[in-house]
Amino acid sequence: MSTQQLPVVVIGAGPVGLAAAAHLVGRGIEPLVLEAGGRAGAAVRAWSHVRLFSTWGEVVDPAAEKLLAPTGWKRPDPAVYPSGGEWAERYLRPLADALGDKVRTGATVTGVSRAGRDRIVDADRERQPFVVHVEYADGREERILARAVIDASGTWATPSPAGGSGLPALGEKAAADRITYRVPDLKDPTVRARYAGKRTAVVGSGASAFTALAYLAELAESADGAGTKGVWILRRGISASTFGGGTADQLPARGALGLAAQAAVDKGHADAVTGFRTEAFERDADGRLVLVGEDGRRLDPVDEVIVLTGFRPDLSFLDELRLRLDERLQAPVALAPLIDPNQHSCGTVYPHGHRELSHPEQGVYLVGMKSYGRAPTFLAMTGYEQVRSVAAAIAGDLDSADRVELTLPETGVCGGAGLFDTPDTRQAEGGGCCGAPEPQLLKLATPTASGTAAEEAPTGGCCGA
């Protein structure tokens, strides 16, 4: 069989993986989507209670919509912000249904290589098909040959730890019964009871941390939430950019999310502890957790900890492929400078497609959130443009593949130069949003941003990826 007659294996049936399949179908190329979860969009369903800060108009892929049209599917109101659950049920499920047997669920990819060639062997390598090893939920194993591989498996399954060094803090694994690495669903009575009236540390400084703080503040103000208190743990100081773009954010719901977190601090529902890098988790005499910093500080005991320090890619099943990844972000080397929070300016992501996503192993692409490695703030529209370009490249239409157009809204958030979360990074000459002040070593309340109305901020939000 000619390699060109083989399917393109797409790993992951999330928004970007299903969009990749739709673009391939539109090109007359057979996709085979392998999803480890029991249903399409399994990762999105895991945060079904969280509302996106992108509207329906920004989270539906054009090729997918074209594929859905003959089924009678109607796009929801493009101005409305869906929740993760709505996105999964009203878009991803019908899209997977339209793709039919091109999507397999309960199928975990355990390895990808070249047929008959490990990563060492050069001879005739590029003429060999890819071989994908799959393990199904019932224990069966299969070996699938593919002409190309698009890895859209995301990073949801591999959250980063609380430890400031990138490794789990001492005692973090032992404290697993009191730690979650996801935004909790406080509308679930069982989950709500876990946090109501409790003191909870929230570790992280991005959109997910904003969401958790806003949820805890809402719980504190409810009839059953008296005594609920948040402790916001930041590795850097507080500056004008800490709470995001606010009213200047071109994604209004994302800006409002930061304002909701700021309101939680202003109203006393959360104390902020800055310049704190977690080194260890200890327990007091009552079994509560005590966070210990690298500088020796010991925080007052907390009942629960929500760790929201980002995600990282699982590269273990790609170990036999020749990938070229940035040593810091674990993103493709040509893409990394465009998204590196240590360097790039606020909200600026330059147009990129198959060339920035390619590797020495021709025919393999990491797309979607996984393409960003450890970098934050990925948007669905970025992934849709990526797979449009990649599908065109696989089809041999390089003119179309190279016509990449991508304009993202300004976030009002970035890391500035130097170490991304260094507490004493200073604002650059000439203004801008990058940087933070000297570390504040005591709990503090932040001033309300001028011209903002914190009470207007919604309590939902997500990256839209």
Side-chain angles (χ1 to χ4, degrees), residues 4-45 48 52 54-107 144 146-150 152-154 353-354 365 367-368 379-397 399-401 403-406 464-465:
Q4 298 300 305
Q5 295 176 293
L6 296 172
V8 172
V9 165
V10 179
I11 306 174
V16 177
L18 292 177
H23 282 278
L24 291 168
V25 168
R27 292 273 178 180
I29 299 171
E30 183 72 11
L32 177 58
V33 183
L34 302 173
E35 166 59 47
R39 292 188 290 175
V44 174
R45 292 177 186 278
S48 60
L52 282 73
S54 297
T55 64
W56 274 114
E58 296 162 329
V59 298
V60 173
D61 177 77
E65 187 169 12
K66 185 177 180 180
L67 189 65
L68 284 165
T71 70
W73 182 83
K74 301 293 184 184
R75 181 204 287 244
D77 185 341
V80 170
Y81 296 90
S83 67
E86 290 167 341
W87 197 20
E89 193 59 27
R90 299 180 64 184
Y91 171 62
L92 300 180
R93 182 188 59 77
L95 179 54
D97 289 346
L99 288 164
D101 60 8
K102 295 177 176 62
V103 178
R104 296 183 190 175
T105 57
I144 299 171
R147 64 183 285 186
V149 175
I150 300 175
S153 59
H354 74 108
Y365 302 92
V367 300
L379 296 175
M381 62 183 83
T382 302
Y384 296 160
E385 180 61 16
Q386 287 179 343
V387 296
R388 185 207 63 77
S389 173
V390 166
I394 292 173
D397 185 358
D399 286 343
S400 177
R403 286 199 303 271
V404 180
E405 296 181 3
L406 178 66

Taking all atoms of both residues into account, what is the closest heavy-atom pair of [X] and [Y], and its distance?
X	Y	result
Ala401	Ser389	O-OG, 2.7 Å
Thr55	Ala79	CG2-O, 3.7 Å
Pro15	Leu92	CA-CD2, 3.7 Å
Glu58	Ser54	OE1-CA, 3.3 Å
Ala13	Val103	CB-CG1, 4.2 Å
Gly84	Val44	O-CG1, 3.2 Å

Answer yes or no: is there a side-chain heavy-atom contact under 4.5 Å between Leu68 and Val60?
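Of all side-chain heavy-atom pairs linking Val60 with Leu68, none is under 4.5 Å.
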Are side-chain heavy atoms of Glu89 and Arg45 found at a separation under 4.5 Å?
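A side-chain contact exists here, since the closest heavy-atom pair is under 4.5 Å.
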Salt bridge (Lys or Arg N to Asp or Glu O under 4.0 Å): which pairs involve residues 386-396, sequence neighbours left out?
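Sorted result for residues 386-396: Glu385-Arg388.
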Which pairs, with at least one residue in residues 73-86 and sequence neighbours excluded, count as a salt bridge (Lys or Arg N to Asp or Glu O under 4.0 Å)?
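Every pair satisfying salt bridge (Lys or Arg N to Asp or Glu O under 4.0 Å) with a residue in residues 73-86: Arg51-Glu86, Glu65-Arg75.
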Look at the side chain of [X] and the backbone N and O of [Y], then say whether any donor-acceptor pair between them is shorter than 3.5 Å.
X	Y	answer
Glu30	Pro7	no
Tyr91	Asp61	yes
Thr105	Glu35	no
Trp87	Val59	yes
Arg90	Gly85	no

For atom CZ of Arg39, is the number of surrounding heavy atoms from other residues, nucleotides or ligands below 6.0 Å larger than 12?
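No - once you tally the heavy atoms of other residues, nucleotides and ligands closer than 6.0 Å, there are 12 at most.
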Starting at [atom1] of [X], measure out to [atom2] of [Y] and round the result to the nearest 0.5 Å.
X	Y	atom1	atom2	answer
Arg27	Ile394	CZ	CD1	10.5 Å
Tyr365	Ile11	OH	CD1	14.5 Å
Lys102	Leu24	NZ	CG	11.0 Å
Asp97	Thr71	CG	OG1	9.0 Å
Leu32	Leu6	CG	CG	11.0 Å

Can His23 and Val390 be said to form a side chain to side chain contact (heavy atoms under 4.5 Å, CB included), step by step?
CA-CA 9 Å; His23 282 278; Val390 166; over 6 Å; no
Are Asp399 and Arg403 ion-paired here, with the side-chain N under 4.0 Å from a carboxylate O?
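No, Asp399 and Arg403 are not salt-bridged.
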Show the numbers, then the answer: is there a side chain to side chain contact (heavy atoms under 4.5 Å, CB included) between Val367 and Val10?
CA-CA 10 Å; Val367 300; Val10 179; over 6 Å; no
